[in-house]
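Every heavy atom of this structure was used, including side-chain atoms; hydrogens, water molecules and symmetry mates were not. Throughout, protein chains are lettered first and strands after them, A, B, ... in sequence-line order, and every chain is numbered starting at 1.
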Amino acid sequence: MSQKKIRVRFAPSPTGYLHVGGARSALYNYLFARNQGGEFILRIEDTDVARSTEESLKMVMSDLKWLGLNWDEGPQSDGQTEIGSYGPYKQSERLDIYLDVAEELLKIGKAYYCFMTDEELEIQRQKFIAEGKNPHVSSPYENWDLEKAKQELKSGRPGVVRFKSQHLKKDYILNDLVRGEVRFPSDMVGDFVLLRSDGMPVYNFCCVVDDHLMKISHVLRAEEHLPNTLRQMMIYEAMSWEFPLFGHISLVLDEDRQKMSKRRGATSCFQFKEEGYLPEALLNFVTLLGWSHPEQKEIFSLEETIQLFNVNRLHPSGAVFDRVKLKWMNSQYLRALSNEDLWKKTEPFLKAANLKLPYEDKQWAFSSIAVFKTYMETLVDGVTFYTALDDSKFEIKPEASEVLAWEPTKVVLSEWAELLKVHVGESFTEAEFLKIQEVVKVKTGAKGKNLFQPIRVAVIGQPHGTELKILVPLMTKTSLLKRASQVLASLK
RNA sequence: GUCCCCAUCGUCUAGUGGCCUAGGAUGACUCCCUUUCACGGAGUAGACACCGGUUCGAAUCCGGUUGGGGACGCCA
């Protein structure tokens, strides 16, 4: 057997943002292609006209780009061009091709026109369920003459094209790349639809035609497609086409072990982007949902994954998407960033939050982000920290009330404000701040948390947070004074 | 209901018949660092779903039970 070129595809239907489960499918295909020196194709499954939109397609493409999963063939994000010689890559533009294949299947008796109404279908379904059988379509039109059926169609009677499966009494054996041998009895499915009554082809059909014509060698997709694979094998067989190799990866589940749903938080890559996750972190995390590093490393780059990727290490059971661990991973990536890079990534979030910062120079930006780096789990956390530096957002938090009620607090704060006032210059060095703190201590006799917590409240409005000796040098005298007097005023 | 898939700490997983009194990561807890909170460091608790079989030997192979999930669409 000749060595076939490795060609894999990711085939989303453009009905919204890219789901993290979809992203993982795309990723595994991408990794496999890159590891094998093969090609990674983007095909758009938009035969469900009602739900597919051009807008969604753009979103999916931009999510893939954000993740860094670049495709070799398929539509490009400008919406105009396509790359590759097996196009078009949008199924809605390939209708003629499917129709030809459908005609072929009708002609050789592997498919037929069916005129059953929804009511008839439902009655049959109920009957089979009552008998404890598979509720699969068994159509009286199965053996109708093709010409007769076409006449019927011409007369205006709505009909679909169904695949003829009832006579295929045998087991289909799939040698799944991740599951091993899977045996499907042919009666697991009924006579499924190939062409809708409006002439539009459906998923299972387009998928086979395209995978064949686009010379796809391996199909890595989610486990939910397993029953579809039987239908697709039947079509391949009917057309005497060679099967690609299939691998069905596990499902991505929520904490309640159900398919991931929006109820429990973000599910799309775009949402994670908005919540301040780094694409590298999301990718790394998602890689580990069903695949493991041969040396059990947890943090590794896309490049390293490409080098090491092997379908043998794909895990067959469902994986719960642990948002807490994702957060941890994101914080690891954040900390590995240079101050400059982290600032660049954080800045857009600060702008979006409309924060007014005490200084505008880059030097200040980098040294401030260096402080917050070890506190941040997501870029959005940066907003919280910088908000503390924005005077217009300053407020005395409820957690501060206990500290404010302490007996020495008032004296400490009066002294603190007094010393700030006499300080020469608008900013403070760490040493200058420590000196002031020391003087407050000596003059008031307060020490320990009686000293530090009131000052912290006077700086950030709450008793816990970043070290003051690091924070104060990032602030201005004007700002500190204003805050101190505000807190002092609240004591009266 | 029918068919298919799956089954190791709460979670992600390592493990392909002896290296397993089951390893790592995360989360939890404790301690250290720290005049707060984090970060960091050290440590503790925590799993082979169950029952049979094969074998000198089973987390690993086989069968069954149970549990979970998926599919049963003119969605993909």
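With a cut-off of 3.5 Å on both pairing distances, B:rC9 has no Watson-Crick or G-U wobble partner at all. Using N1 to N3 plus N6-O4 or O6-N4 for Watson-Crick, or N1-O2 and O6-N3 for G-U wobble, each under 3.5 Å, B:rA45 pairs with nothing. Under the Watson-Crick and G-U wobble criteria, each requiring two contacts below 3.5 Å, nucleotide B:rC20 is left unpaired. B:rC74: no Watson-Crick or G-U partner with both key distances under 3.5 Å is found in any strand. Base pairing annotation: B:rC33 forms no Watson-Crick or G-U wobble pair, as no partner gives both donor-acceptor distances under 3.5 Å. B:rG52: Watson-Crick or G-U partner is B:rC62, with both key distances under 3.5 Å.
Between B:rA76 and A:R196, a contact under 4.0 Å exists linking OP1 or OP2 to a side-chain N or O. At the phosphate of B:rA76, neither OP1 nor OP2 sits under 4.0 Å from any side-chain N or O atom of A:K259. Proximity of A:Q296 to the phosphate of B:rU13: no side-chain N or O atom is located under 4.0 Å from OP1 or OP2. Side-chain nitrogen and oxygen atoms of A:T466 include none within less than 4.0 Å of the OP1 or OP2 phosphate oxygen of B:rC37. Contact between the side-chain N/O atoms of A:R231 and the OP1/OP2 oxygens of B:rA76 is not found at any separation under 4.0 Å. Phosphate contact (OP1/OP2 of B:rU13, side-chain N/O of A:H293, threshold under 4.0 Å): absent. For B:rA14, one of the phosphate oxygens OP1 or OP2 lies less than 4.0 angstrom from a side-chain nitrogen or oxygen of A:S292.
Spacing between atom CZ of A:R335 and atom P of B:rG41 amounts to 10 Å, rounded to whole angstrom units. Rounded to whole Å, atom P of B:rC75 lies 14 Å from atom CD of A:Q91. Atom CG of A:L226 is separated from atom P of B:rC5 by 7 Å (rounded to the nearest Å). Rounding to whole angstrom units, CG of residue A:L195 and P of B:rC75 are separated by 12 Å. Residue A:R456 contributes atom CZ, which lies 11 Å from atom P of B:rU35 at whole-angstrom precision. To the nearest angstrom, C1' of B:rU13 lies 10 Å from CG of A:L289. To the nearest angstrom, C1' of B:rU16 lies 17 Å from CZ of A:R179. The CE-P distance, from A:M234 to B:rA71, rounds to 19 Å in whole Å.
The A:P185 side chain lies nearest to B:rC4 when the options are B:rC37, B:rC39, B:rC4. For A:H136, the side-chain atoms get nearest to B:rC72 when compared with the rest of B:rU36, B:rC72, B:rU13. The side chain of A:R257 lies closest to B:rG68, out of B:rG68, B:rA71, B:rA14. Distances were taken from every side-chain heavy atom of A:N134 (C-beta onward) to each of B:rC12, B:rA7, B:rC3; the shortest belongs to B:rC3. Comparing B:rC39, B:rC74, B:rG70 by their nearest atom to the side chain of A:Q258 picks out B:rG70. Of the candidates B:rU2, B:rU11, B:rA7, the closest approach to any side-chain atom of A:S317 belongs to B:rA7. Among the nucleotides B:rC4, B:rC74, B:rG70, the one closest to any side-chain atom of A:E224 is B:rG70. Out of B:rC4, B:rG73, B:rA14, the shortest distance to the side chain of A:M188 is found at B:rC4.
Residues A:Y203 and A:N228 have side chains that never bring a donor and an acceptor to within less than 3.5 angstrom of each other. Of the N and O atoms on the side chains of A:Q126 and A:E122, at least one donor lies less than 3.5 Å from an acceptor on the other residue.
Counting any heavy atom pair closer than 4.0 Å across all strands shown, A:E223 reaches a base atom. The residue A:V182 sits close only to the backbone: its heavy atoms come under 4.0 Å of sugar-phosphate atoms, none of a base. Using a 4.0 Å heavy-atom cutoff across all strands shown, A:R313 reaches sugar-phosphate atoms only and no base atom. A:G190 comes within 4.0 angstrom of no nucleic acid atom, judged by non-hydrogen atoms across all strands. Across all strands, A:V202 comes closer than 4.0 Å only to sugar-phosphate atoms, never to a base (heavy-atom distances).
The P atoms of B:rA22 and B:rU36 are separated by 38 Å, rounded to the nearest whole Å. Between the P atoms of B:rG23 and B:rU2, the separation comes to 41 Å (whole Å). Separating the C1' atom of B:rG67 from that of B:rC32 is a span of 43 Å, rounded to the nearest Å. Taking the P atoms as reference points, B:rG69 lies 25 Å from B:rC74, given to the whole Å. Across the P atoms, B:rU65 and B:rG73 are found 27 Å apart, a figure rounded to whole Å. Of the P atoms belonging to B:rU16 and B:rA7, the separation is 16 Å, rounded to the nearest Å. When the P atom is compared between B:rA49 and B:rG10, the two are found 11 Å apart, to the nearest whole Å. Taking atom P in both B:rU30 and B:rA38, the straight-line distance is 12 Å, to the nearest Å.
Residue side chain A:N228 reaches the base of B:rA76 through a donor-acceptor N/O pair under 3.5 Å, judged by distance alone. A donor and an acceptor atom never sit less than 3.5 Å apart when one is taken from the side chain of A:K297 and the other from the base of B:rA25. Side-chain to base pairing of A:E298 with B:rG24: one donor and one acceptor N or O lie within less than 3.5 Å of each other.
Checked against the 6.0 Å centroid threshold, A:F433 and A:F428 do not count as a close aromatic pair. Here A:F321 and A:F285 bring their ring centres to under 6.0 angstrom of each other. With ring centers used as reference points, A:F192 lies under 6.0 Å from A:F163.
A:R179 CZ to A:L314 CG: the interatomic distance, rounded to the nearest 0.5 Å, is 9.5 Å.
Taking a cutoff of 4.0 Å between a charged side-chain nitrogen and a carboxylate oxygen, A:D322 and A:K325 do not qualify as a salt bridge.
Comparing A:D198 and A:E181 against RNA chain B, the residue whose closest nucleotide sits nearer the 5' end is A:E181. Mapped onto RNA chain B by nearest heavy atom, A:F452 and A:P135 fall at different nucleotides, with A:P135 at the one closer to the 5' end.
If you run side chain to side chain donor-acceptor pair (under 3.5 Å) between A:Q462 and each of A:Q453, A:K397, A:R456, only A:K397 comes through. Here the rule is ring pair (Phe, Tyr, Trp, His ring centres under 6.0 Å) with A:W343, and of A:F372, A:Y386, A:F349 only A:Y386 fits it.
Between A:F246 and A:H248, the angle of the ring planes stays under 30°, which puts this pair in the parallel group of the 30/60° scheme.
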